[in-house]
Colleague: 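This is the structure I have questions about; it appears just below.
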Amino acid sequence: MKALAFLFAELCIALAGFGLAAFLRPARAVSRVEMLGLSLLLGSGALSVILLVVSQWLRGSALLVTTTALALALGVSGWWRLRTAEWACLPGTRLFFAALAPILIVIGWQATNHPLTADGLFNFEIRAQIAAAHGGHLPHAFFSDASRTWMHQSYPLFLPLHQTWIY
């Protein structure tokens, strides 16, 4: 069940990024591998921003449904924009996609079985767990609590929000 939830979370990230990449696509033909990379990078940032903004008003299931709907809407709008696009052909594309599946399986297993560690990553992990425990939202008290100064409240929120989405 964890694996399906992880795959769904990553699919939402990729769809949100695909929508953004479709609108930011250059005039030249782009390969599918390039579009996949852009989708994952842009989707991670887009989903973090969506969570940051929407979590100000919604919590729990409402946040989950709204974030998923926005990610799917971005993906559908990107597909609609690129439905007749011309794609560049790169050698080794099939090999890349064949190797991608086992890589994602290993990353998924790693992400679900081992939390982030080390100083900064430990702080990101705590933020993600706090946000997940509060329905996807970091409470405002987290940033003003003097007992949490060791957690570096000024660290950026994008990685913790990305991980919160996966949780």
Side-chain angles (χ1 to χ4, degrees), residues 1-112 116 124 127-138 140 155-167:
M1 189 64 175
K2 277 184 178 182
L4 287 176
F6 173 78
L7 288 175
F8 180 74
E10 289 299 323
L11 178 67
C12 286
I13 289 169
L15 284 173
F18 178 75
L20 288 177
F23 286 98
L24 297 174
R25 183 176 182 244
R28 64 176 173 78
V30 177
S31 75
R32 286 181 171 86
V33 174
E34 184 180 3
M35 187 58 86
L36 177 66
L38 283 172
S39 297
L40 292 175
L41 287 173
L42 292 174
S44 185
L47 208 75
S48 296
V49 170
I50 290 170
L51 276 174
L52 182 66
V53 172
V54 176
S55 70
Q56 300 302 313
W57 297 282
L58 301 175
R59 306 275 190 283
S61 297
L63 177 63
L64 177 68
V65 169
T66 304
T67 304
T68 301
L70 289 171
L72 292 176
L74 275 170
V76 168
S77 67
W79 174 81
W80 187 258
R81 180 170 169 83
L82 296 180
R83 66 189 184 282
T84 59
E86 202 174 304
W87 296 95
C89 292
L90 293 177
T93 300
R94 286 192 176 141
L95 179 63
F96 172 78
F97 281 110
L100 186 63
I103 290 169
L104 288 177
I105 289 169
V106 169
I107 290 171
W109 177 81
Q110 181 75 17
T112 57
L116 295 172
F124 291 151
R127 288 172 193 219
Q129 288 182 8
I130 290 171
H134 287 90
H137 173 73
L138 271 170
H140 294 289
Y155 275 16
L157 287 175
F158 289 126
L159 181 62
L161 288 172
H162 179 129
Q163 193 168 354
T164 300
W165 175 247
I166 292 173
Y167 284 163

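Below, each value reflects all heavy atoms present in this structure, side chains not excepted, and no hydrogens, waters or symmetry copies.
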Colleague: For the atom pair CD1 (I13) and OG (S39), what is the distance rounded to the nearest 0.5 Å?
Modeller: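 Answer for the CD1-OG pair, I13 versus S39, is 11.5 Å.
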Colleague: Is the closest side-chain heavy-atom distance between L74 and I50 below 4.5 Å?
Modeller: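 A side-chain contact under 4.5 Å exists here.
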Colleague: Could you measure the distance from the CD atom of E10 to the CG atom of L47? Nearest 0.5 Å is fine.
Modeller: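 One finds 9.5 Å between CD of E10 and CG of L47.
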Colleague: R81 side chain to A22 main-chain N or O, any donor-acceptor pair under 3.5 Å?
Modeller: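 The answer is yes, because a donor-acceptor pair under 3.5 Å joins these two groups.
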Colleague: Below 4.5 Å, heavy atoms only, C-beta onward: do L24 and L42 meet side chain to side chain?
Modeller: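 Yes, side chains in contact.
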Colleague: What's the spacing between L20 CG and L15 CG if we round to 0.5 Å?
Modeller: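 Spacing of CG (L20) from CG (L15) equals 11.5 Å.
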Colleague: Does any part of the side chain of L82, heavy atoms only, come nearer than 4.5 Å to the side chain of M35, both counted from C-beta?
Modeller: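 In contact.
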Colleague: With distance as the sole test, does S44 use its side chain to make a donor-acceptor pair with the main-chain N or O of L40 at under 3.5 Å?
Modeller: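 No, S44 side chain to L40 backbone: no donor-acceptor pair under 3.5 Å.
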Colleague: Determine yes or no for a side-chain-to-main-chain donor-acceptor pair under 3.5 angstrom, with S55 supplying the side chain and L52 the backbone.
Modeller: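 Yes; judged by distance alone, with no hydrogens or angles, the pair exists.
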Colleague: Answer yes or no: is there a side-chain heavy-atom contact under 4.5 Å between L51 and L63?
Modeller: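 The answer is yes; the side chains approach within 4.5 Å.
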Colleague: Return the minimal non-hydrogen interatomic distance between F18 and W79, and the atom names on each side.
Modeller: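 Taking every non-hydrogen atom into account, CE2-N, 3.3 Å.
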